[in-house]
Structures are given as structure tokens and as C-alpha cells.
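Below is one structure, written out as C-alpha cells, with a few remarks after it.
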Amino acid sequence: MVVKNDYKEKIQQLLDEAESAQSKRYKITWNSTIDRYVSSLVKTKTILGNSNLTETVAGGTLPKIDSYISQCVNPEFHIAIIGVVKAGKSTLINALLGKNLTSTAVTPETAVLTKFRSGKGKNFVKIKFYTTEDWTELWSSVKENTGSTFFKEYQNLKADNEKDNWLNHKEVYAEFTQESDLKEFIKEWTSSQEPKHYFVKEVEVGLQDFNLPDHVMFVDTPGLNDVVRYRSDVTRRYIDRANAVILCALSKTLNTGDLQAIYSVFANCRYNPQKVYILGTQVDLLNDPDEEWLQLKAQWVRYFEYQDCYGSRELAEHNIYGLSAYLYNSAINFEGLNRKAQRIFENTVFKYVAEEVDDISDTELIKVAKKISKIKDFEKTLFKEIIDKHESLLLEELKARFETIQNDLVEQFIYIKNSQQETLAMADKGLDEVIKQQKMKQEELKLVQQEQKSLENALLEIRVATSERTKALRDKMKALI
């Protein structure tokens, strides 16, 4: 009985410590319900960490708790921008920003998480660096492919000599009055010619004239097929964290790899498919953009209307857009284009215009280009459905995520309790039998997790294969007709 009381007192002491830590470090002032959720999770983590149960809880649960608490403490609303190979993601970001801040020639070596937000009247850049722990994990994935361009360039630049100067480095912050200086500073920290860029974990850019609410930001992510697995994993985790996802895919050629990447995004957003917008980019490369995109979109809707994607034809049709960021960027920067680039731009616009346009003025040309690019149409939808509602959407999502974490924990605690009861029931059979049963339980849990992962991969492969076969059959039928 004394032991039982001592145990109760220890638990109460832990809860008091957790409550004290929560009130000092994690106090949520912007919403009382979310503050209660965070308090509950902080206490749960404290009990787990002080009762030898941390290793028993499924590996992904604790990082989810940490991510949730972090999101509540810093209630930022993230719109993640993700791209498959050569989908024109950087061009799209420049169009949404209204200025050329991201390089359209970004290489796999310079992929870094970049956030764009309102600077509230000033231009600034924050540079955050990898910790030693981050870098150890990243470098472990780099060594999986020592023939990669990343590894070779890292060696050629002798970047390892710079490593100790930048790992664990404090945040670098700078403000700018001239936009040209802002661009140069961003380039300095992300250029593939600079050894130090390898150790930059995150870049945050604040723009004085960017029309976004304070807590909303666009987030440019490394590719899902990044040459470094660690950075691909960052993007996958970010998909789950993001409050909305803009997914760029080349309109002209949607291949098996693209489909697999898109299906994996839906797997991470399975509870909120409405937050995923798929953009068919570079529509201007089609021979007859308006007509061909209509046909392609109908095909894309068939690919993504299923239950494990959008879940309905209506949502798929609404959330799939075809646009040309190239046309929009060329239009807003027309005066800065050389004559050759202007001619290419003009010829691209003419593909959309049926009537004779030989005498069209530059002003009219720019106006037409902005309209047919569809950038403003998509931007209008994004503001109406996501950005203008970001506060209520964030609150709803945090409540839903808490329930998911809570259910995961309950299921795992039930499993732990049942396992412990079985262990106690066998205690009189001897220590060897108890150890044997514990090992069997651990193997059983691993097997279930492996089977679940295999099932998810199999479903993904079936969906991709089915989509490809459907496309091939349709192409054959067209050829016969």
C-alpha cells in the first residue's frame, strides 16, 4: 500500500512539473481549447518519458506530438508548394509572389525549405542552420548514394571543411531596403557555388509588399524525389503539417512517377483532400492550350476522383487547375525582357488567340497574357477558400489532429495494458517465459506495421498501374478510330 501511494505521489509530482513547464514554455494565449489540448499532451509526454514507456509507444507518435505542440505555440498557416520533376514550381512561386525571387534553375544541390510571408512593411531574410543531430541524419541518407550529384559536388567544393563553422550556428537575420540586395543575399546562401549552402536548413523571406495575413506563408519544399532521401522525408512530413498543399505537375506529360508522387501526397492528406490543389503547369507548351487542357483535365479528374484521392468527381474538377506561370511572369516583367524573349512571349500568346493579332499593342498583349495564364483565377480561389478563412481552418485542423493523436495514444495504451496483464499472468511460469512472450509481442507489432506499410505500397502500385493501363487502352482506341 505504501508503494502504491508512493507511485501515486510520483505521478502527481510529474503532472505538477508538466503543468509548470506548460504554463511557462507552452502557454497558448490565442485559444483556450488549444491551450487545454497542449497541456494534456505535455503531461502525456512527461509521464511517458518518466515511466519507461517511450520506446513502447509507436515511433511516429511522439514526433507527431512535438510537431502538434510546436504548431500550437507558433500558429502559422502553411501553404506547401510541392513539385514533381521539372514541373515549373519555381516559376509558379515567382508568379504568386509577383517577383523573381526563386531561381528557375535550382539544382538538386540547392534544395532547401524556403518560407515566404508578409514582412509587415519591411524586407527581411532569416537563415536557419542544421544541428549536428540533423546533419548526422541527413548525411546518413547522402551516403546511400555516393554516386549522386549532391555527393560529388559536396566533395568538389570541399564543403566538409566548412561544416564545423555552420552546424549549430545561430540564426542569421538581415533587413533590406533594396529588393536587389534582398535577392543577392538569398542567392549568397543558396548558391550551389557556395559550400556553406549545404548547411542551411531553412530560409524565411519577409516581403514588405506581399499581400498575406501575418500568420500565413507559402512554403517552397524540396522535391518528393530529391536526390537526398532526408530532404524528401522533410517534404513528406511537411505535407502532413501543411494547412494546404499546391502540387505542381507538368500538364503535357503526367507519367507513372508523377502519379505515384501525387498519390503519396493524398495518402498524407487522406483526412483533408479538399486542401490539395493540383496544378497542371506549363499549359503554354501545348499545341492548342485551351482545347488540349480540357481533354487532359478530364483525364486527370478520372485519375484523382477515387476515394483514396479527392473522393468525388466534383471536388477533383474544382481543385485541378491548368495554368501558365511563364506567361504571367513574362507579362509583369515584359520591359525587362530582351527582344528575342519578347518575340517568344508574343508567339506563345498568339497560340491562345483565334483572331488576327498582328497589330496588337504591347499593353493589350500583356493584359491578354495575364488573363490566359490563369494565375489570378487560381490566386482568387486560394484567397477565397483558404487564405481568407485561415484562422477558422487552422482551429478546425488542430482540433482534428488532437483527436487523431489522442486516439492513437488510447489504442497504444490499451495494447500496452493488455501486454502487461498477460506478462503478469505468466509471471509464475518463470522469467524465461516472460522474456519469450515479450519478444513475441514486439515481433508481432513489427509484423503488423510492416504488413500495413506493404498494403499501402501495394494499393499505391495498383492505382498507378491501373491509371497507366487505362491511359494506354484509351490511346490505342484513339489510334484505331
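Nothing here was measured: the structure is a model prediction, and the numbers come from that model.
Residues meeting the salt bridge (Lys or Arg N to Asp or Glu O under 4.0 Å) test with R117, sequence neighbours left out: E76, E204. Among residues two or more places apart in sequence or in another chain, the side-chain hydrogen bond (donor to acceptor under 3.5 Å, both in side chains) test is passed with E317 by none. Taking the ring-ring contact (aromatic ring centres under 6.0 Å, His included) definition, one finds that H169 meets it with F129, W166, sequence neighbours left out. Under the ring-ring contact (aromatic ring centres under 6.0 Å, His included) criterion, F378 pairs with Y277, Y321, sequence neighbours left out. For F304, the ring-ring contact (aromatic ring centres under 6.0 Å, His included) partners are Y263, not counting sequence neighbours. In terms of the side-chain hydrogen bond (donor to acceptor under 3.5 Å, both in side chains) criterion, residue partners of D160 (sequence neighbours excluded) are, by chain and number, Y154. Checked against salt bridge (Lys or Arg N to Asp or Glu O under 4.0 Å), D209 has the following partners two or more places apart in sequence or in another chain: K99. Residues meeting the side-chain hydrogen bond (donor to acceptor under 3.5 Å, both in side chains) test with K376, sequence neighbours left out: E379. Scanning for ring-ring contact (aromatic ring centres under 6.0 Å, His included) contacts around Y326 gives an empty result, with sequence neighbours left out. Considering only residues two or more places apart in sequence or on other chains, Q342 meets the side-chain hydrogen bond (donor to acceptor under 3.5 Å, both in side chains) condition with R339.
Atom NZ of K126 and atom CD of E202 lie 9.5 Å apart (nearest 0.5 Å). Rounding to the nearest 0.5 angstrom, the gap separating the OG1 atom in T114 from the CD1 atom in I186 is 8.0 Å. For the atom pair K201 NZ and L167 CG, the distance stands at 11.5 Å (nearest 0.5 Å). For the atom pair E346 CD and I366 CD1, the distance stands at 10.0 Å (nearest 0.5 Å). In this structure, OH in Y68 is found 10.0 Å from OG1 in T404, a value given to the nearest 0.5 Å. Interatomic distance, CD1 of I375 versus OG1 of T91, reported as 9.5 Å (0.5 Å rounding).
The nearest pair of heavy atoms linking K252 to L285 is NZ-O, 3.7 Å. Residue I262 comes nearest to A249 through the heavy atom pair CD1-CB, 4.2 Å, listed as atom of the first residue, atom of the second, then distance. Closest approach of F345 and A369 over heavy atoms only: CZ-CB, 3.4 Å. Nearest heavy-atom pair across G280 and V283 is O-CG2, 3.3 Å. When every heavy atom of I387 is checked against every heavy atom of P213, the shortest pair comes out as CG2-CD, 3.5 Å. Minimum interatomic distance between A87 and C248 (heavy atoms only, all atoms of both residues): CB-O, 3.5 Å.
Residues E162 and L157 are not in side-chain contact: their nearest non-hydrogen atoms beyond the backbone lie 4.5 Å or more apart. In this structure, F150 and V142 have side chains that are in contact, with non-hydrogen atoms separated by less than 4.5 Å. Counting heavy atoms from C-beta on, the side chains of P195 and N161 never come closer than 4.5 Å. In this structure the side chain of Y328 never reaches within 4.5 angstrom of the side chain of L323, judged on heavy atoms. Between F151 and W139 there is a side-chain heavy-atom pair separated by less than 4.5 Å. Residues N243 and L393 fail the side-chain proximity criterion, which asks for heavy atoms closer than 4.5 Å. For the pair D220/V203, no side-chain contact is recorded, criterion being any heavy-atom separation below 4.5 Å from C-beta on.
Checking side-chain atoms of N319 against main-chain N and O of Q274 turns up a donor-acceptor pair under 3.5 Å. Not a single donor-acceptor pair under 3.5 Å links the side chain of H215 to the backbone N or O of F77. The backbone N or O of K275 lies less than 3.5 Å from no partner atom in the side chain of N272, so there is not a single donor-acceptor pair. Side-chain N or O atoms of S40 include none that pairs as donor or acceptor with a backbone N or O of R36 at under 3.5 Å. Checking side-chain atoms of S39 against main-chain N and O of D35 turns up no donor-acceptor pair under 3.5 Å. Judged purely by atom type and a 3.5 angstrom limit, S251 uses its side chain to pair as donor or acceptor with the backbone of T281. For the pair H318 (side chain) and L315 (backbone), a donor-acceptor distance under 3.5 Å is absent. Side chain of T221 to backbone of I81: a donor-acceptor contact under 3.5 angstrom is found. Side chain of N100 to backbone of N94: no donor-acceptor contact under 3.5 angstrom is found. With S70 contributing its side chain and D66 its backbone, the two residues share no donor-acceptor pair below 3.5 Å.
We find that E396 and K399 are not joined by a salt bridge, their nearest charged nitrogen and carboxylate oxygen being 4.0 Å or further apart. At a threshold of 4.0 Å, the pair E188-K196 counts as salt-bridged, since one of the basic side-chain nitrogens sits closer than that to a carboxylate oxygen.
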Apply side-chain contact (heavy atoms from CB on, under 4.5 Å) to residues F124 and F185 and explain how you reach the verdict. CA-CA 10 Å; F124 69 81; F185 189 78; over 6 Å; no
(request) Could you go through the side-chain contact (heavy atoms from CB on, under 4.5 Å) check for H78 and K115 one step at a time? (result) CA-CA 9 Å; H78 292 184; K115 300 176 179 178; 4.0 Å; yes
Check: Would I28 and Y37 count as a side-chain contact (heavy atoms from CB on, under 4.5 Å) if you check the C-alpha gap in whole Å, the side-chain angles of each, and the deciding distance to 0.1 Å?
Finding: CA-CA 10 Å; I28 309 300; Y37 290 166; over 6 Å; no
Show your reasoning for whether salt bridge (Lys or Arg N to Asp or Glu O under 4.0 Å) applies to K187 and E194. CA-CA 9 Å; K187 184 179 178 181; E194 289 282 349; over 6 Å; no
| Test side-chain contact (heavy atoms from CB on, under 4.5 Å) applied to L382 and I246, step by step | CA-CA 10 Å; L382 197 62; I246 298 173; 4.0 Å; yes
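Counting non-hydrogen atoms of other residues, nucleotides and ligands closer than 6.0 Å to NZ of K374 gives a total of 12 or fewer. The number of heavy-atom neighbours closer than 6.0 Å to NZ of K371, taken from other residues, nucleotides and ligands shown, is 12 or below.
Here F210 and F116 keep their ring centres 6.0 angstrom or further from each other. Ring pair Y310/F266: centre-to-centre distance below 6.0 Å.
For the 3.5 Å distance criterion, the side chains of T131 and D134 qualify, holding a donor opposite an acceptor.
Ring geometry for W300 versus W293: interplanar angle over 60°, hence perpendicular rather than tilted (30 to 60°).
Here salt bridge (charged side-chain N to carboxylate O under 4.0 Å, His left out) pairs that include residues 165-175, with residues two or more places apart or in two chains, are K122-E175. For residues 281-291, there are no salt bridge (charged side-chain N to carboxylate O under 4.0 Å, His left out) pairs, not counting sequence neighbours.
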